[in-house]
Amino acid sequence: METRDITLSVLDHRVLGQREGEGHLVQVEKAVLSRNQTIAEENRKRFKDAGVVVLNILSSPGSGKTSLIVRTLSDLPSLHAAVIVGDLATDNDAQRIHKTKATSVQIETGGVCHLEASMVAEAASHLALEKLDILFIENVGNLVCPAIYDLGEEARVVLFSVTEGEDKPLKYPKMFKSADLVLMTKTDLAGVTDFNLDMALHNVQLVAPTVKVIELSARTGQGLEQWYDALAERIKHVYA
Amino acid sequence: MHEVSLAHTIVLIAEDYARRNGASNITTVGLRIGEFSGVVPEALETAFEVAKRDTLAKHAQLKIVKVPMIAFCQSCQREFEVVDIYGIASCPHCAALSHDLKEGQELDVSYLEVS
């Protein structure tokens with residue numbers, strides 16, 4: 001279909017060119033995100049060579065990304081971990097993480113609604129990657145824009161809290177389809193919000209039929225074992 | 001509104017290719033945008049109007065070709081077009097859900113018209 005369109009443009013232009021004696025067609029065929037993709041692949045290689053598992057943590061604002069990371073770091077003190085935190089403004093999340101043992105690097109995007117691979121490359125240059133088991137990249141809270149930017153991560157973890165609507169996966173299918181793991185967070189609040197968990201899980205499955213889902217609460221600790229097992233599995237994989 | 005960053009990148013790509021071809025005025029930027037690219041064409045067009053100012057593309061118009069979303073059904077071993085507004089890829093023959101997208105995520109600059 002697109003080939004035909006280009007051919008037509010060429011023909012149009014030949015006619016136009018003959019008539020007006022100016023104007024011509026330049027073939028480009030370049031992905032708009034190709035520069036980001038190149039840097040993402042460089043990041044991925046750098047992370048792989050250093051033997052560090054890198055997870056891109058994504059969700060709406062307020063789904064509990066920082067709480068989950070802080071809880072994980074305090075529950076697993078022997079883990080050599082670092083966190084890159086992306087926010088539009090303020091370093092409040094980085095301050096929360098700073099109270100744990102982990103190193104954190106703040107990226108203030110200055111209003112940009114997502115992290116890009118180049119920002120992560122710059123932030124990662126401040127970290128001793130070889131000494132790390134795991135690097136969490138806490139993306140900007142946004143289910144739209146970050147979906148299309150590969151950062152060089154090994155896996156994408158998408159959080160979906162029970163204080164959001166059950167139809168979140170249907171509203172943001174691009175993000176949920178790109179997920180390697182979905183974490184249903186704040187499950188301790190499900191009763192309070194009349195959240196229909198079955199419907200929410202069904203919606204995740206409709207959009208991303210093969211994705212694994214873990215239900216958890218970073219406040220009560222419910223379900224965290226499964227999350228830690230998933231982390232251990234990935235870290236073991238790196239050292240194998 | 002990642003369309004603002006994308007529009008800026010599109011202008012950079014267009015200027016790069018125009019210069020390489022000795023052109024100083026870009027009249028058209030041809031884009032191919034997948035139905036499941038995560039980009040809203042109307043938002044991109046608005047952002048492009050701002051991004052193109054004071055560049056070789058200042059007189060350029062976007063021409064967008066939309067690419068349908070095509071998924072592959074493992075059970076039927078065939079491709080099908082996803083027409084669902086939520087992007088739920090359910091096979092029209094066997095109703096199985098597919099997680100295998102073949103087309104529809106494109107976001108490419110395909111050609112320029114220059115003078």
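Sequence lines set the chain letters: A, B, ... in the order given, protein chains first and strands last, and positions in each chain run from 1.
- Heavy atoms only, all atoms of each residue included: B:S98 and A:P209 are closest at O-CG, 3.7 Å.
- Put simply, the side chain of A:K174 gets close to the backbone of B:F36: a donor and an acceptor are under 3.5 Å apart.
- Of the two parts of B:S90, neither the backbone nor the side chain holds a non-hydrogen atom closer than 4.5 Å to a non-hydrogen atom of chain A.
- Among B:S37, B:G87, B:A23, B:A89, the residue making the largest number of heavy-atom pairs under 4.5 Å with chain A is B:S37.
- Of the atoms belonging to B:I26, not a single heavy atom falls under 4.5 Å from chain A.
- B:I88 CD1 to A:N203 CG: the interatomic distance, rounded to the nearest 0.5 Å, is 7.0 Å.
- With a threshold of 4.5 angstrom between heavy atoms, A:L206 approaches chain B through its backbone and through its side chain.
- Closest approach of B:S5 to A:H114, counting heavy atoms only: OG-CE1, 3.5 Å.
- Within the cation-pi definition used here (under 6.0 Å to the ring centroid, within 45° of the axis), A:K30 does not qualify as a partner of B:Y17.
- Shown here for B:L97 and A:Q205, the closest heavy-atom pair between the two residues is CD1-O, 3.8 Å.
- Remark: A:R44 CZ is packed, more than 12 non-hydrogen atoms of other residues, nucleotides or ligands lying under 6.0 Å away.
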Can you check side-chain contact (heavy atoms from CB on, under 4.5 Å) on A:N36 and B:T9, steps first, answer last? CA-CA 10 Å; A:N36 185 74; B:T9 309; over 6 Å; no
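- Taking each heavy atom of A:L170 and B:Y86 in turn, the nearest pair found is O-CD2, 3.2 Å.
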Could you walk me through whether B:V4 and A:V112 satisfy the side-chain contact (heavy atoms from CB on, under 4.5 Å) test, starting with their C-alpha distance in whole Å, then the side-chain angles of each, then the deciding distance to 0.1 Å, before giving a yes or no? CA-CA 9 Å; B:V4 175; A:V112 176; over 6 Å; no
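- No side-chain heavy atom of B:H2 sits less than 4.5 Å from a side-chain heavy atom of A:N142.
- More than 12 heavy atoms of other residues, nucleotides or ligands sit less than 6.0 Å from atom NE2 of A:H126.
- Remark: B:L6 CG to A:L33 CG distance equals 5.5 Å, nearest 0.5 Å.
- Looking at B:L112, both its backbone and its side chain come within 4.5 Å of chain A, counting heavy atoms on both sides.
- Here the shortest heavy-atom pairing between A:V32 and B:I13 reads CA-CD1, 3.9 Å.
- Highest contact tally toward chain B, considering only A:V28, A:V207, A:T210, is held by A:V28 [criterion: heavy-atom pairs under 4.5 Å].
- Neither the backbone nor the side chain of A:A147 comes within less than 4.5 Å of any heavy atom in chain B.
- For a residue to count as touching a neighbouring chain, one of its non-hydrogen atoms must lie under 4.5 Å from one of that chain's; by this rule A:Y149 touches chain B with the side chain only.
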